[in-house]
2 protein chains.
Amino acid sequence: MEGSDYMTVEKKIEYISEILREKNISPSLQRIQIYKYLMENHVHPNVDMIYKVLVKTIPTLSKTTVYNTLKLFQEKGLVSVITIEENEARFDINTHLHGHFKCINCGKIFDFEIKELKIESNLEKENKIVDQQLYIRGYCKDCLKKMEK
Amino acid sequence: MEGSDYMTVEKKIEYISEILREKNISPSLQRIQIYKYLMENHVHPNVDMIYKVLVKTIPTLSKTTVYNTLKLFQEKGLVSVITIEENEARFDINTHLHGHFKCINCGKIFDFEIKELKIESNLEKENKIVDQQLYIRGYCKDCLKKMEK
DNA sequence: ATCATTGCAAACACTTTGCATACGC
DNA sequence: GCGTATGCAAAGTGTTTGCAATGAT
């Protein structure tokens with residue numbers, strides 16, 4: 001729901017609280033703010049990025065809480081973990097299926113659209129799919145231009 | 001080339017040496033054995049699994065060498081890194097595009113076939129793709145059966 | 001008062017780095 | 001003999017764990 005951009009802060013907090021309650025998560029300040037950050041910043045942040053931004057408004061915040069909360073969100077299907085980086089987890093609010101491209105030169109990660117994806121029909125029938133991720137690694141447009149010079 | 005299953009050890013070593021030389025990698029004992037292991041064991045091993053098996057035949061082997069070698073192979077496009085696990089890298093000989101399913105209950109990882117995949121045409125035109133990975137996380141057939149009971 | 005949540009500090013595990021030793025042409 | 005490859009030990013880094021303090025009902 002992208003209409004959330006136009007909500008007042010209070011309405012947004014109530015909206016997020018409701019999402020959390022639906023998943024049986026009690027809406028604490030920390031949890032609301034972490035969800036709000038992910039909702040407003042589709043930048044595939046890692047734990048440190050989330051922590052550094054939120055600790056400014058919640059000075060007592062600890063990284064453990066960020067870890068705990070993201071793990072909880074993940075278990076409840078609210079966020080998906082992007083493991084395209086080899087050394088750290090990144091997080092994204094669960095939206096429709098889309099791919100992630102990572103530039104192996106500048107490190108940038110961006111989304112791309114998946115138009116069609118067909119896999120073995122048995123896989124979907126026999127197993128229970130929780131999460132799908134398509135990763136592409138390579139050199140991005142901008143880096144290719146710089147390399148030509 | 002699956003005919004490699006029927007090769008004598010000597011022929012296989014010569015075959016691997018040639019693959020390495022083509023990529024400007026001097027075929028040392030360690031490098032050959034690591035490549036051979038990946039060629040014969042499509043089990044998406046992590047560094048430790050490779051190390052523990054090979055140290056039996058190469059007692060002086062160190063994990064650093066396994067790390068170095070896999071990084072080199074990766075740079076030269078001989079192996080692809082599977083980052084479906086959140087805490088460790090796994091490795092696979094580069095073959096045709098296929099997906100990896102990871103059971104979030106038992107931890108098993110297995111391959112599946114991708115029948116069709118269409119992404120934004122601009123992505124392929126404008127950027128240079130080096131590696132593609134499709135990951136699906138969920139509950140596998142066997143674990144679902146056990147859960148029913 | 002009780003149970004859940006938070007957060008500090010220490011422990012863990014995978015990976016990288018620095019540097020000395022050994023190897024190969 | 002000289003450049004490359006190897007491997008040990010130490011350091012680095014993201015993440016988890018144990019447990020005490022805090023907060024909510």
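These numbers were taken from a predicted model, which means no experiment stands behind them. Convention: sequence-line order gives letters A, B, ...; per-chain numbering from 1.
No cation-pi contact links A:Lys128 to B:Tyr139, judged by a cut-off of 6.0 Å to the six-membered ring centre and 45° from its axis.
Within the 4.0 Å cut-off from OP1 or OP2 of C:dT5, not a single side-chain nitrogen or oxygen of A:Ser28 is found. For A:Gln30 and C:dG7, the shortest distance from a side-chain N or O to OP1 or OP2 is below 4.0 Å. One finds a side-chain N or O of A:Tyr67 lying less than 4.0 angstrom from the OP1 or OP2 phosphate oxygen of D:dT15. In this model, the phosphate group of C:dT5 is approached by a side-chain N or O of A:Ser26 to a distance below 4.0 Å at OP1 or OP2.
The nearest whole Å value for the distance from the CG atom in B:Asn24 to the C1' atom in D:dA5 is 16 Å. Between the CD atom of A:Glu88 and the C1' atom of C:dT16 there is a distance of 15 Å, given to the nearest Å. In this entry the distance linking CD1 of B:Ile25 with P of D:dT6 reads 11 Å, nearest Å. The nearest whole Å value for the distance from the NZ atom in B:Lys71 to the C1' atom in C:dT16 is 7 Å. Distance, B:Leu72 CG to D:dT6 P: 9 Å, rounded to whole Å. Summarising the geometry, the separation between CG on B:Asn68 and C1' on C:dC14 is reported as 15 Å, rounded to the nearest angstrom. In this entry the distance linking CD1 of A:Ile50 with P of D:dG14 reads 14 Å, nearest Å. With rounding to whole Å, A:Lys63 atom NZ is found 10 Å from D:dT15 atom C1'.
Contact annotation for B:Thr64: base contact, defined as any heavy-atom pair under 4.0 Å involving a base atom. Within the nucleic acid shown, B:Glu86 has no heavy atom closer than 4.0 Å to any nucleic acid atom.
If B:Leu29 and A:Val47 are placed on DNA chain D by their nearest nucleotide, the residue sitting closer to the 5' end is B:Leu29. Closest-nucleotide positions on DNA chain C for A:Leu61 and B:Arg90 were compared, and the one nearer the 5' end corresponds to A:Leu61.
Taking all atoms of both residues into account, the shortest heavy-atom contact from B:Tyr35 to B:Ile93 is CZ-CD1, 3.5 Å.
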Checklist entry - Would B:Ile32 and B:Ser17 count as a side-chain contact (heavy atoms from CB on, under 4.5 Å) if you check the C-alpha gap in whole Å, the side-chain angles of each, and the deciding distance to 0.1 Å? => result CA-CA 7 Å; B:Ile32 290 171; B:Ser17 301; 3.5 Å; yes
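Side-chain polar atoms of A:Ser80 and A:Asp92 form no donor-acceptor pair below 3.5 angstrom.
Using a cutoff of 4.0 Å between basic side-chain nitrogens and carboxylate oxygens, B:Arg21 and B:Glu18 are scored as salt-bridged.
Side-chain to base pairing of B:Ser62 with D:dC8: no donor and acceptor N or O lie closer than 3.5 Å to each other.
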